[in-house]
Amino acid sequence: MATGSGKTFMAVSSVYRLVKFAKAKRVLFLVDRSNLGRQTLLEFQQYITPDDGRKFTSFIMSSILNQMQSTR
C-alpha cells in the first residue's frame, strides 16, 4: 500500500477493537524495521479512542522489545 494511506492507524484501531470488544489481554505487533517501530509507537501514543476520547496509552501499556543482533 502507498505511503500515508493509514496502514499504521488501521493497525492501532484494530488493536483497540481487539482489546475493547474481544477482551484480548495481549496483542503482539511485529515490525521488520526500527523506523516502523518508532512510527507505530507514536501512532499508539497519539491514538484517541472513538467512544470516550481517552488516549489509548492511558489504559493500555505498550512495551517495545528489541531484537538482539548477534554477531556471526
Side-chain angles (χ1 to χ4, degrees):
M1 290 177 69
T3 301
S5 62
K7 297 179 295 293
T8 306
F9 178 80
M10 184 60 153
V12 174
S13 296
S14 297
V15 169
Y16 170 71
R17 289 173 184 261
L18 284 169
V19 170
K20 172 96 176 168
F21 301 111
K23 306 297 182 204
K25 295 186 188 307
R26 294 181 180 155
V27 177
L28 178 63
F29 190 95
L30 295 174
V31 294
D32 63 347
R33 293 181 181 82
S34 59
N35 64 331
L36 292 177
R38 286 189 298 273
Q39 175 186 351
T40 303
L41 178 61
L42 187 63
E43 197 71 45
F44 269 93
Q45 291 170 339
Q46 294 178 350
Y47 184 79
I48 306 236
T49 59
D51 52 353
D52 58 6
R54 294 186 297 168
K55 289 258 187 177
F56 192 38
T57 51
S58 71
F59 63 95
I60 295 296
M61 183 185 78
S62 60
S63 299
I64 300 174
L65 303 175
N66 293 318
Q67 176 185 5
M68 299 287 287
Q69 294 186 355
S70 62
T71 56
R72 295 182 184 181

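Note that the numbering runs from 1 along the sequence shown for the chain.
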- Co-membership, hydrophobic cluster, residues V31 and M10, 4.5 Å side-chain: no
- What pairs with D52 under side chain to side chain donor-acceptor pair (under 3.5 Å), at least two apart in sequence or on another chain? T49, R54
Listing, residues 34-43 side-chain donor-acceptor contacts under 3.5 Å, not counting sequence neighbours, or none:
from : atom 1 : to  : atom 2 : distance (Å)
Q39  : NE2    : T8  : OG1    : 3.1
T40  : OG1    : L36 : O      : 2.7

- Which residues satisfy the side-chain contact (heavy atoms from CB on, under 4.5 Å) test with A11, sequence neighbours excluded? F29
- Go through the structure and list residues passing salt bridge (Lys or Arg N to Asp or Glu O under 4.0 Å) with R17, not counting sequence neighbours. none
- Least distance between heavy atoms, Q46 atom then K55 atom: CA-NZ, 4.0 Å
- Message: Taking salt bridge (Lys or Arg N to Asp or Glu O under 4.0 Å) as the definition, give me every residue that meets it alongside D51, ordered by chain and number, with sequence neighbours left out.
- Response: K20
- Query: Side-chain contact, heavy-atom cut-off 4.5 Å: Y47 with V15?
  - Reply: no
